[in-house]
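Following: one structure in structure tokens, then a few remarks.
Since we're looking at a predicted model, the values are computed, not measured. First the proteins, then the strands, lettered A, B, ... as listed; each starts at 1.
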2 protein chains.
Amino acid sequence: MSQHQKDSKIYVEIVKELRTMIDRDGLKPGDKLPSERELSERLIVGRSSVREALRALELLGLIETRRGEGTFIRDFQGNQLVQLLSTFILQDEKAKKDIVETKNLIEMDCLLLAQNKSNDDQLLSFKSWADTAVFTDDEFFLKVALLADNHLFLRIWTILKDYYNSLKMDKVETTKLEYMNVINKLLSRQRVELREAYRSLRKMSNV
Amino acid sequence: MSQHQKDSKIYVEIVKELRTMIDRDGLKPGDKLPSERELSERLIVGRSSVREALRALELLGLIETRRGEGTFIRDFQGNQLVQLLSTFILQDEKAKKDIVETKNLIEMDCLLLAQNKSNDDQLLSFKSWADTAVFTDDEFFLKVALLADNHLFLRIWTILKDYYNSLKMDKVETTKLEYMNVINKLLSRQRVELREAYRSLRKMSNV
DNA sequence: TTATTATAGTGGTCAGACCAGTTCTCTTTT
DNA sequence: AAAAGAGAACTGGTCTGACCACTATAATAA
């Protein structure tokens with residue numbers, strides 16, 4: 001524990017410590033963390049402080065604890081906490097607007113990246129999938145985010161998507177035609193037209 | 001603690017209890033929550049359980065605690081959740097390319113939002129600042145992100161900026177002229193030209 | 001071998017103690 | 001009466017030790 005700056009609270013330091021521990025030891029979802037008592041000893045802190053850190057991470061959905069067994073790393077893909085947070089901030093209209101706005105722009109960014117980075121084969125495969133399969137909006141843009149080939153954007157989009165879904169807002173209807181139109185613009189490599197196709201799909205007036 | 005239902009852990013019940021308490025009493029950001037000891041008494045639970053709940057909410061950025069003063073509801077907007085998750089999720093994939101790419105696109109998004117949402121007064125004030133002051137690239141785009149009036153983007157950008165700076169990459173030289181050019185395009189309300197001005201500033205070839 | 005039973009380990013919770021800050025009050029000083 | 005100061009009272013921060021309930025494993029008995 002010692003190295004970390006003293007000002008911040010112990011439990012935050014423990015959170016950081018756990019992060020580096022997970023990183024250093026290459027722990028993956030499903031793996032077991034040291035027991036509370038062992039962490040308490042190793043980090044030379046009280047068990048209650050360890051628990052504060054673990055409980056916080058648990059509420060975030062980053063870990064899972066099973067009585068009698070131990071604490072395990074969880075397969076976190078945004079979840080849990082999104083729901084929790086939404087129950088706390090649902091009132092904030094501005095926040096809602098921000099989420100929608102951000103999600104839309106991020107999706108646009110992903111589209112542009114996909115357009116730039118994907119080859120025709122990838123896009124044609126995408127197109128044939130969209131042509132035949134029945135899919136949700138999330139599934140469609142997940143594929144876009146994957147084509148964008150940018151982990152950061154993928155992560156950000158995933159979180160935003162979960163947020164957005166937890167808001168339970170009225171969603172605009174989207175026809176398959178509009179999705180196909182977007183894909184076609186991806187293929188035609190026309191930036192401006194791609195943007196237009198997305199705006200049309202989302203029924204956006206500007207930006 | 002009205003035995004909120006079976007098995008779930010006490011601290012989770014306390015979190016729920018706090019939510020309804022905030023809701024029922026109409027508590028707003030800045031308002032003070034009961035002290036840990038009082039909550040402990042009122043809910044008939046141990047103080048440590050109360051703390052586990054409060055620490056979790058604190059890590060989520062929903063409340064703020066000040067030693068000697070108390071626990072307060074926080075002005076949740078943006079969210080430190082992005083911050084937290086990023087340090088946990090993005091830690092290993094520091095693909096420099098992704099970070100630069102993402103940062104650039106986010107900045108572009110913020111520019112477009114700023115162009116749409118800001119009035120001439122704001123932009124002119126921005127312009128006169130840029131005209132006279134000596135500023136860094138970060139300072140410039142911080143102002144842009146603020147003009148974009150989207151806390152989420154502000155949060156994301158801040159994190160990306162910090163990541164980017166920590167990479168210590170070679171930064172392209174930017175002249176004041178290029179910054180002024182961007183501001184002028186903001187004022188002229190031309191989307192396409194604004195994008196072009198930014199690309200030029202960052203010496204980007206495409207996207 | 002298999003079934004049973006201790007036993008050690010793990011999380012869940014509580015109570016009490018002490019520290020370190022802040023706030024409020026009441027006395028002392030000016 | 002007003003300002004300054006001292007101290008009590010309160011608040012969060014942390015640690016310790018004690019149980020409880022549950023699980024997994026080792027030792028034992030069938």
Legend entry - Step-by-step salt bridge (Lys or Arg N to Asp or Glu O under 4.0 Å) determination, A:Lys9 to B:Glu58: CA-CA 11 Å; A:Lys9 312 177 186 185; B:Glu58 187 180 50; 2.5 Å; yes

Pick base, sugar-phosphate or nothing for [X], based on heavy-atom distances below 4.0 Å to the nucleic acid.
| X | answer |
| --- | --- |
| A:Arg37 | base |
| A:Ser40 | nothing |
| A:Gly68 | base |
| B:Ser48 | base |

Can you check the [X] [atom1] to [N] [atom2] distance for me, whole Å?
| X | N | atom1 | atom2 | answer |
| --- | --- | --- | --- | --- |
| B:Glu58 | D:dG12 | CD | C1' | 10 Å |
| A:Glu41 | D:dG17 | CD | P | 12 Å |
| A:Arg47 | D:dG17 | CZ | P | 13 Å |
| B:Lys9 | D:dC20 | NZ | C1' | 15 Å |
| A:Glu38 | C:dA8 | CD | C1' | 15 Å |
| B:Glu36 | C:dC14 | CD | C1' | 15 Å |
| A:Leu54 | C:dG12 | CG | P | 9 Å |
| B:Arg66 | C:dT23 | CZ | P | 8 Å |

If you check the [X] side chain, which of [options] turns out closest?
| X | options | value |
| --- | --- | --- |
| B:Glu69 | C:dT23, D:dG13, C:dT13 | C:dT23 |
| B:Ile10 | C:dG12, C:dT13, C:dT10 | C:dT13 |
| A:Ser49 | D:dT14, C:dG11, D:dA24 | D:dT14 |
| B:Arg51 | D:dG12, C:dT10, C:dG12 | D:dG12 |

Legend entry - A:Thr71 vs C:dT10: side-chain N/O to OP1/OP2 distance below 4.0 Å: no

Inset, instruction - Using only side-chain N and O atoms of B:Thr65, determine if any of them is under 4.0 Å from OP1 or OP2 of D:dG12. - result: no

Inset, instruction - Using side chain to side chain donor-acceptor pair (under 3.5 Å) as the criterion, list what pairs up with A:Glu107, not counting sequence neighbours. - result: A:Lys103, A:Trp157, A:Tyr198, A:Arg202

Inset, instruction - For B:Gln115 and B:Lys185, indicate whether the former's side chain and the latter's backbone hold a donor-acceptor pair under 3.5 Å. - result: yes

Inset, instruction - Evaluate the ring planes of A:Tyr179 and A:Phe135, with Trp represented by its six-membered ring, and classify them as parallel (under 30°), tilted (30 to 60°) or perpendicular (over 60°). - result: perpendicular

Legend entry - Between A:Lys171 and A:Asn165: side-chain donor-acceptor atoms closer than 3.5 Å: yes

Inset, instruction - Let me know, please, whether A:Glu52 or B:Lys32 comes out on the 5' side of the other along DNA chain D by nearest nucleotide. - result: B:Lys32

